[in-house]
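Chain A is the first sequence line, chain B the second, and so forth, proteins listed ahead of strands; every chain is numbered from 1.
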Amino acid sequence: MDKRLPDLAAAVAPITDGSVVMIGGFGSSGIPFGLIEALLEQGATGLTIISNNAGAGETGIATLLKAGRVAKVICSYPRSPGSIWFERRFEAGEIGLEVVPQGTLAERIRAAGSGLGGFFTPTGYGTLLAQGKETRIIDGVGHVLEAPLRADFALLRAERADKWGNLSFHATARNFNPVMATAARYSVAEVRHLSAEPLDPEHVVTPGIFVQGVVEYGVRP
Amino acid sequence: MKSLNDNELAARVARDIPDGSYVNLGIGKPTHVSAFVPEGREVIYHSENGILGVGPTPPEGQEDVELIDASKRFVTAAPGAAYFEHADSFAMMRGGHIDIAVLGAYQVAENGDLANWATLDEKFPPAVGGAMDLVVGVPTILVMMRHVNRDGSPKLLRQCTYPLTGLGVVSRVYTDLVVLDVTPQGFRLVELTPGNSFDEVQALTDATILPPIPT
């Protein structure tokens with residue numbers, strides 16, 4: 001088995017217009033900048049982006065927003081300093097936004113990747129973000145039923161990979177990458193070091209079964 | 001009126017962080033609390049982007065661009081630190097493993113309701129981050145904020161007017177003017193910033209402040 005891909009363009013080639021795309025990262029850490037740039041060049045549009053943030057400055061997800069490729073963002077925190085392209089699109093009413101509490105976002109993705117039909121969480125109970133959702137009192141505490149969240153594609157950033165698709169990460173660049181790997185039909189990772197030699201199984205964070213492709217992108221942004 | 005500056009307020013909150021606690025500091029001003037925790041206390045800081053054991057800011061030139069906290073500032077890993085992914089990070093938060101969270105707020109109500117994620121301005125995108133998860137899972141929620149808005153309007157209210165982050169979740173509020181506990185009876189005075197009178201602070205608060213319980 002060899003999941004290595006020749007370049008970033010090959011990694012994003014299957015993404016079509018209207019796709020739902022998860023993008024790993026938090027702030028500027030663990031964002032697959034190379035894959036996002038390749039997606040921008042590839043041209044797919046009308047995308048739904050699932051990510052913690054909505055890009056900042058003129059890099060990463062912000063480049064897709066600037067180019068008008070994004071129809072909807074599902075995220076927890078679209079208002080990071082410098083999220084100017086999201087704010088412009090939002091103010092102009094050009095983009096859909098679903099705000100999800102960060103832990104609920106992670107867990108909805110985990111539920112999808114784990115084959116679960118959803119879960120009850122106390123997070124958001126009694127707030128605007130629970131409106132219209134089924135609720136239940138469990139052990140005296142109000143809970144909200146949250147649905148699994150899956151994607152067509154997941155674009156990930158990792159530190160190391162082997163040809164079997166096993167991934168390991170660096171510092172806080174791990175964040176959403178492992179859980180997103182589980183929840184997309186096609187998950188692809190740009191990695192700083194790609195090796196034909198196997199990773200030490202004790203150090204594998206994301207097992208290769210969750211990863212369909214790996215491509216080397218040595219830059220650490 | 002005597003108003004604490006940001007560092008003085010962070011130092012006041014830090015005095016109440018006990019030795020041996022696991023603490024999440026919200027983005028913005030709460031992140032400054034760690035710099036003021038008294039010597040001799042070991043406090044382990046959790047940042048929801050996947051680190052337990054957040055260390056001090058690295059010296060200039062030694063930043064690791066992939067090692068940041070939830071405020072997106074460069075940090076270091078303290079001795080004994082651990083990295084983990086988001087689902088695990090929020091298990092720590094929702095699952096009751098973190099002892100204390102320090103958060104900023106737009107508004108706090110006398111019943112402990114917290115509003116800190118959205119305003120009533122529809123052009124201003126709401127941003128919840130991890131706040132709703134923290135308030136349901138962390139037993140002690142400390143709020144630090146200015147006592148009033150820039151226009152002088154109160155932030156401590158009988159009832160929040162902004163969308164809520166959590167219901168009845170705040171334990172204690174630290175403002176530049178006063179420290180208040182949230183009790184079943186409402187806000188109760190813990191201490192006034194020296195130089196302020198009870199009546200002055202009460203006048204800037206849209207809820208009744210109860211006098212301290214005599215000790």
Side-chain angles (χ1 to χ4, degrees), chain A residues 24-30 52-54 56 73 75-81 83 86-87 90-91 97 99-107 109-110 113-114 121-130 141-143 157 159 169-180 182 205-206 220-221, chain B residues 27-28 47-51 54 64-77 81-96 113-115 117-119 121-137 160 162-169:
Chain A
F26 180 103
S28 61
S29 186
N52 187 61
N53 304 104
V73 172
C75 72
S76 88
Y77 206 84
R79 211 171 55 206
S80 299
S83 294
F86 176 80
E87 285 167 18
F90 184 80
E91 276 188 31
L97 172 65
V99 171
V100 182
Q102 202 171 125
T104 298
L105 183 64
E107 201 63 16
I109 296 167
R110 202 186 75 80
S114 309
T121 176
T123 302
Y125 181 82
T127 76
L128 271 181
L129 296 187
V141 176
H143 285 67
R157 166 86 189 171
E159 181 69 4
F169 297 87
H170 174 74
T172 53
R174 187 179 306 195
N175 56 61
F176 277 93
N177 285 294
V179 76
M180 285 181 172
T182 70
V205 173
T206 292
R220 181 184 284 169
Chain B
I27 63 172
S47 189
E48 59 261 35
N49 57 315
I51 175 170
V54 178
D64 176 340
V65 297
E66 292 189 324
L67 180 45
I68 61 172
D69 68 9
S71 297
K72 287 89 179 177
R73 299 179 316 158
F74 296 121
V75 294
T76 51
Y83 300 126
F84 36 83
E85 56 112 345
H86 250 81
D88 287 344
S89 187
F90 279 79
M92 295 177 195
M93 294 155 73
R94 268 193 322 263
D113 286 359
L114 170 68
W117 72 282
T119 66
D121 179 357
E122 290 186 358
K123 295 276 186 189
F124 188 58
V128 66
M132 285 191 186
D133 303 284
L134 279 170
V135 299
V136 298
C160 294
Y162 286 176
L164 296 182
T165 305
L167 283 64
V169 294

Q. Are B/P125 and A/V99 close enough that some pair of their side-chain heavy atoms sits under 4.5 Å apart?
A. no
Q) Are side-chain heavy atoms of A/T123 and B/F90 found at a separation under 4.5 Å? A) no
Q: Name the region of B/D69, side chain, backbone, both or neither, that has any atom closer than 4.5 Å to a heavy atom of chain A.
A: backbone
Q: Let me know if A/E107 has heavy atoms under 4.5 Å from chain B in its side chain, its backbone, both or neither.
A: side chain
(Q) Among B/A70, B/A91, B/S89, which residue has the highest count of heavy-atom pairs closer than 4.5 Å to chain A? (A) B/A70
Q: Just give me the residue among B/V75, B/V128, B/L67, B/D88 that pairs up with chain A most often, heavy atom to heavy atom, under 4.5 Å.
A: B/V128
Q: Would you mind telling me which of A/V100, A/N53, A/T121 has the largest number of heavy-atom pairs within less than 4.5 Å of chain B?
A: A/N53
(Q) Quick one: does any side-chain atom of A/R174 pair with a main-chain N or O of B/E85 as donor and acceptor, under 3.5 Å? (A) no
Q. Should B/E66 and A/R157 count as side-chain neighbours, where that means a heavy-atom distance under 4.5 Å?
A. yes
Q) Looking only at atom types and distance, does a side-chain atom of B/D133 sit under 3.5 Å from a main-chain N or O of A/G103, one as donor and one as acceptor? A) yes
Q.
Heavy-atom pairs under 4.5 Å with chain B - which of A/A173, A/S29, A/G27 has more of them than the others?
A. A/S29
Q: Would you mind reporting whether A/L128 and B/W117 have side-chain heavy atoms less than 4.5 Å apart?
A: yes
**Q.** Straight-line distance of B/H86 NE2 to A/R110 CZ, nearest 0.5 Å
**A.** 14.5 Å
Q: For the residue pair A/Y125 and B/M132, establish whether any side-chain heavy-atom pair is separated by less than 4.5 Å.
A: no
Q: Counting only heavy atoms closer than 4.5 Å, note whether A/R79 contacts chain B via side chain, backbone, both or neither.
A: both
**Q.** Winner by heavy-atom pair count (cut-off under 4.5 Å) against chain A, out of B/I68, B/L164, B/I51
**A.** B/I68
Q: Identify which part of A/F176 has an atom lying under 4.5 Å from any heavy atom of chain B, answering side chain, backbone, both or neither.
A: both
Q.
Assess the residue pair B/D64 and A/H170 against the criterion (side chain to side chain contact (heavy atoms under 4.5 Å, CB included)); give the C-alpha distance rounded to whole Å, side-chain angles, the decisive distance to 0.1 Å, and a yes or no.
A. CA-CA 10 Å; B/D64 176 340; A/H170 174 74; 2.4 Å; yes
